[in-house]
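As structure tokens, the structure follows; a few thoughts come after it.
Everything numeric in this text was worked out from a predicted model, so none of it was measured. Reckoned from all heavy atoms, side chains included, excluding hydrogens, waters and symmetry mates. Labels below follow one simple rule: chain letters A, B, ... track the order of the sequence lines, proteins then strands, and each chain is numbered from 1.
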There are 2 protein chains.
Amino acid sequence: MHQQAIGATPPLVAMDGIFKALADPTRRDVLERLSRKSASVSELAEPYRMAMPSFLQHLKMLENCGLVRSSKAGRVRTYELTAEPLKLAEDWLGRQRRLWERRLDQLDDYLLTMKDGGDPP
Amino acid sequence: MHQQAIGATPPLVAMDGIFKALADPTRRDVLERLSRKSASVSELAEPYRMAMPSFLQHLKMLENCGLVRSSKAGRVRTYELTAEPLKLAEDWLGRQRRLWERRLDQLDDYLLTMKDGGDPP
DNA sequence: AATATACTGAGGTAAATACCTAAGTATTGG
DNA sequence: CCAATACTTAGGTATTTACCTCAGTATATT
């Protein structure tokens with residue numbers, strides 16, 4: 001209900017989904033495990049005390065935002081990682097943190113200036 | 001009421017909140033603007049077509065997970081950034097992406113091996 | 001063919017999100 | 001003091017999330 005024109009910056013809506021996907025420990029754990037080895041649904045589900053359909057919802061969220069991809073062979077569905085989306089998120093964070101640190105440095109400077117009796121802007 | 005012993009890995013619960021906070025374009029935008037300049041509630045709220053109480057909820061989420069901090073002087077509450085939490089998220093993503101890329105390289109190798117007629121593990 | 005395996009789908013509950021309006025409470029300026 | 005300003009609180013709705021159970025359906029396996 002609130003799309004917006006996408007310019008030079010990363011697609012906003014995509015990032016929503018990615019960060020949302022990362023906001024759950026089970027899903028982060030699944031990603032971590034997939035980064036070591038592709039795996040079937042039941043292999044992935046095994047460690048968690050959760051009914052299969054509940055777990056499947058997590059996998060669907062990961063797949064919907066493009067962080068993983070799956071294919072079915074016989075009765076087994078195998079999940080694997082995708083590369084780009086995570087990079088999107090990381091880029092945003094990196095850019096952000098740089099601004100951040102600059103900002104905090106400015107605060108330091110400001111405080112120092114005050115201490116030296118200077119007149120801050 | 002639920003801190004947890006911090007070991008080598010980042011506190012899981014904290015990351016939930018941080019990623020959840022980042023999963024909304026308004027909140028990401030607020031962070032971006034705060035990284036340029038601390039600001040009052042109404043300054044922050046101004047660009048968005050949203051009732052004040054709705055917007056306040058976003059600020060509270062950012063504050064609850066520690067990404068920002070606020071203080072009140074007279075009737076004006078001013079918000080500013082905090083440094084550490086974002087780093088937490090970025091570290092996780094970075095670590096993750098490295099595994100990720102390694103994994104994707106392995107896949108490449110695997111495919112090459114197959115093409116060369118080698119017998120993959 | 002019968003049973004087990006590996007998912008899938010339908011549907012249901014509780015809590016959290018993302019908005020809203022309407023009515024407060026402090027502060028400040030005239 | 002009175003009104004405007006800057007938030008705050010209370011409460012309400014629609015949607016989404018995170019679980020669940022209880023069926024299915026489509027492949028193996030025996």
Would you say Ser54(A) places a side-chain N or O within less than 4.0 Å of OP1 or OP2 belonging to dA18(D)? no
For Met50(B) and Ser54(B) the tightest heavy-atom approach is CG-CB, 3.5 Å
Report the residue (Thr78(A) or Gln57(A)) whose heavy-atom-nearest nucleotide on DNA chain C is the more 5′ of the two. Thr78(A)
Once you round it to whole Å, what is the distance between C1' of dA18(C) and CG of Asp24(B)? 8 Å
Provide, to the nearest angstrom, the distance between the CG atom belonging to Leu44(A) and the P atom belonging to dA6(C). 13 Å
Report yes or no: does Thr82(B) contribute a side-chain atom to a donor-acceptor pair with the main-chain N or O of Gly66(B) at less than 3.5 Å? yes
Can you check whether Val30(A) reaches Tyr79(A) side chain to side chain, under 4.5 Å on heavy atoms? no
What's Ser42(B) touching, base or sugar-phosphate or nothing? Going by heavy atoms closer than 4.0 Å. sugar-phosphate
The side chain of His58(B) lies closest to which of these nucleotides: dT17(C), dC20(D), dC19(C)? dC19(C)
To the nearest Å, give me how far apart CE (Met61(B)) and P (dT16(D)) are. 16 Å
Whether Arg69(A) side chain and Glu80(A) backbone form a donor-acceptor pair below 3.5 Å: no
To the nearest angstrom, how far is Phe55(A) atom CZ from dT21(D) atom C1'? 19 Å
From NZ of Lys20(A) across to P of dT15(D) the rounded distance in Å is 15 Å
Whole angstroms only, please: what is the CZ-C1' distance between Arg49(B) and dA18(C)? 16 Å
I want to confirm an ordering. Mapping Met52(B) and Pro53(A) to their closest nucleotides on DNA chain D, which one lands closer to the 5' end? Met52(B)
For Tyr48(B) and dC20(C), give me the distance from atom OH to atom P, rounded to whole Å. 14 Å
Qualifying residue for side chain to side chain donor-acceptor pair (under 3.5 Å) with Arg27(A), from His58(A), Glu32(A), Gln57(A): His58(A)
Here's a test of your reading of the structure: between Arg75(A) and Arg77(B), which maps to the more 5' nucleotide of DNA chain D? Arg77(B)
Phosphate-side-chain proximity, Lys60(A) and dT8(C), N/O vs OP1/OP2 below 4.0 Å: no
Atom pair distance, as rounded to whole Å: CG in Leu59(A) and C1' in dA6(C): 13 Å
